[in-house]
Amino acid sequence: NAGVTQTPKFQVLKTGQSMTLQCAQDMNHEYMSWYRQDPGMGLRLIHYSVGAGITDQGEVPNGYNVSRSTTEDFPLRLLSAAPSQTSVYFCASRPSPGASSYNEQFFGPGTRLTVL
Amino acid sequence: DAKTTQPNSMESNEEEPVHLPCNHSTISGTDYIHWYRQLPSQGPEYVIHGLTSNVNNRMASLAIAEDRKSSTLILHRATLRDAAVYYCILRAENYGGSQGNLIFGKGTKLSVKP
């Protein structure tokens, strides 16, 4: 298994540009989520999904959109990038309750985004 | 969400044991104690979790106080590769929906000296 993969690894945007951060997992996990991590801080939840077609907001959802059309993919869209969105973005997935390793959440390697 | 308190940083010598404390005085009866760590420039990774009894796995041990208001992550022999930020997180047992979200604090930054 490749686990949780994220693309791109690095991205530089200008203020006002839009882009999509890609996240995919090949473990058939129902739950997926997006976090951002600012320097010296812990991770903050942006959006999450408990299954295909179901998404909900986390702690810091403003400026971001998500959709979940398949179990495998959970893209994060920045609608109009702002310097305050400069951060490292992590995607994560975990199995449903009752599945093996259901207590573990698996994280991708991150996307480092800079908005100028 | 129940909150955890951890020291900002700790230092250890290589090949010595490390005890990373976590206080969670408002823990509820159904909250599991989870530990994750984040190596430099990587995403967090699961370390261990427990409810009431002490737990061991290949990475670490988790010692939980009898009143569950505190816990300690134990690395038995620290290596340079264990230098990371360690997060203590509480999560409800029945974690359907938003209850399954992990709420990260700032964690403890562990430095390991050769």
Side-chain angles (χ1 to χ4, degrees), chain A residues 2-7 9-10 21 23 25 27 29-51 54-61 68 87-112, chain B residues 1 3-9 20 22 30-53 55-60 62 64 84-111:
Chain A
V4 180
T5 58
Q6 293 184 236
T7 56
K9 285 185 168 48
F10 301 92
L21 306 185
C23 174
Q25 52 89 11
M27 297 173 282
H29 289 171
E30 292 294 324
Y31 177 95
M32 296 185 73
S33 56
W34 276 102
Y35 291 85
R36 61 176 286 175
Q37 184 174 34
D38 299 327
M41 304 292 289
L43 283 71
R44 292 185 293 169
L45 183 66
I46 304 171
H47 284 285
Y48 65 98
S49 168
V50 298
I54 306 169
T55 64
D56 206 344
Q57 296 181 349
E59 178 188 358
V60 288
R68 184 95 179 271
S87 191
V88 182
Y89 291 83
F90 292 101
C91 180
S93 73
R94 66 166 165 78
S96 300
S100 62
S101 70
Y102 70 94
N103 272 295
E104 295 184 45
Q105 191 148 295
F106 298 83
F107 287 81
T111 293
R112 191 172 297 272
Chain B
D1 295 310
K3 190 174 178 179
T4 63
T5 304
Q6 299 177 251
N8 289 334
S9 62
L20 296 162
C22 181
T30 57
D31 283 336
Y32 279 80
I33 303 157
H34 292 251
W35 284 82
Y36 281 73
R37 72 178 185 180
Q38 186 174 21
L39 302 173
S41 300
Q42 294 189 27
E45 63 175 346
Y46 167 85
V47 177
I48 201 167
H49 77 280
L51 183 63
T52 56
S53 304
V55 185
N56 301 296
N57 67 18
R58 63 175 179 82
M59 289 181 69
L62 176 60
I64 302 172
V85 178
Y86 287 78
Y87 298 98
C88 171
I89 302 168
L90 303 182
R91 190 167 79 184
E93 176 183 10
N94 180 19
Y95 57 83
S98 64
Q99 292 181 336
N101 295 332
L102 293 177
I103 308 299
F104 286 82
K106 293 186 180 181
T108 297
K109 184 174 183 178
L110 176 66
S111 302

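Throughout, a chain's letter reflects where its sequence line sits, starting with A, and its residues are numbered from 1.
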Whether the side chain of A:Ser87 engages the backbone of A:Arg36 through a donor-acceptor N/O pair (distance < 3.5 Å, no angle test) should be reported. no
Return the option, out of B:His49, B:Lys109, B:Lys106, with the maximum number of heavy-atom pairs under 4.5 Å with chain A. B:His49
Mind checking salt bridge (charged side-chain N to carboxylate O under 4.0 Å, His left out) for A:Arg112 and listing every partner two or more places apart, or none if nothing turns up? none
Under the criterion side chain to side chain contact (heavy atoms under 4.5 Å, CB included), I'd like the reasoning laid out for B:Leu102 against B:Arg91: C-alpha separation, chi angles, the key distance, then a yes or no. CA-CA 7 Å; B:Leu102 293 177; B:Arg91 190 167 79 184; 3.7 Å; yes
Under the ring-ring contact (aromatic ring centres under 6.0 Å, His included) test, residues paired with A:Tyr89 that sit two or more places apart: A:Tyr64
Taking every non-hydrogen pair under 4.5 Å, which of A:Met41, A:Arg44, A:Gln37, A:Glu59 racks up the most with chain B? A:Gln37
Chain A shares the most heavy-atom pairs under 4.5 Å, among B:Ser41, B:Pro44, B:Gly43, with B:Pro44
ring-ring contact (aromatic ring centres under 6.0 Å, His included) against A:Tyr35, all qualifying residues, sequence neighbours excluded: A:Phe107, B:Phe104
For B:Tyr46 and B:Met59, what are the C-alpha separation, side-chain angles and deciding distance, and is it a side chain to side chain contact (heavy atoms under 4.5 Å, CB included)? CA-CA 10 Å; B:Tyr46 167 85; B:Met59 289 181 69; over 6 Å; no
Heavy-atom distance under 4.5 Å to chain B: side chain of A:Leu45, backbone, both or neither? side chain
Give me the contact list for residues 33-40 of chain B versus chain A, heavy atoms only, anything under 4.5 Å, ordered by residue number. B:His34, B:Tyr36, B:Gln38
Part of A:Glu30 within contact of chain B (heavy atom distance under 4.5 Å): neither
Steps toward side chain to side chain contact (heavy atoms under 4.5 Å, CB included) verdict (A:Val4, A:Met27): CA-CA 8 Å; A:Val4 180; A:Met27 297 173 282; 3.7 Å; yes
For B:Asn101 and A:Tyr31, what are the C-alpha separation, side-chain angles and deciding distance, and is it a side chain to side chain contact (heavy atoms under 4.5 Å, CB included)? CA-CA 10 Å; B:Asn101 295 332; A:Tyr31 177 95; 2.2 Å; yes
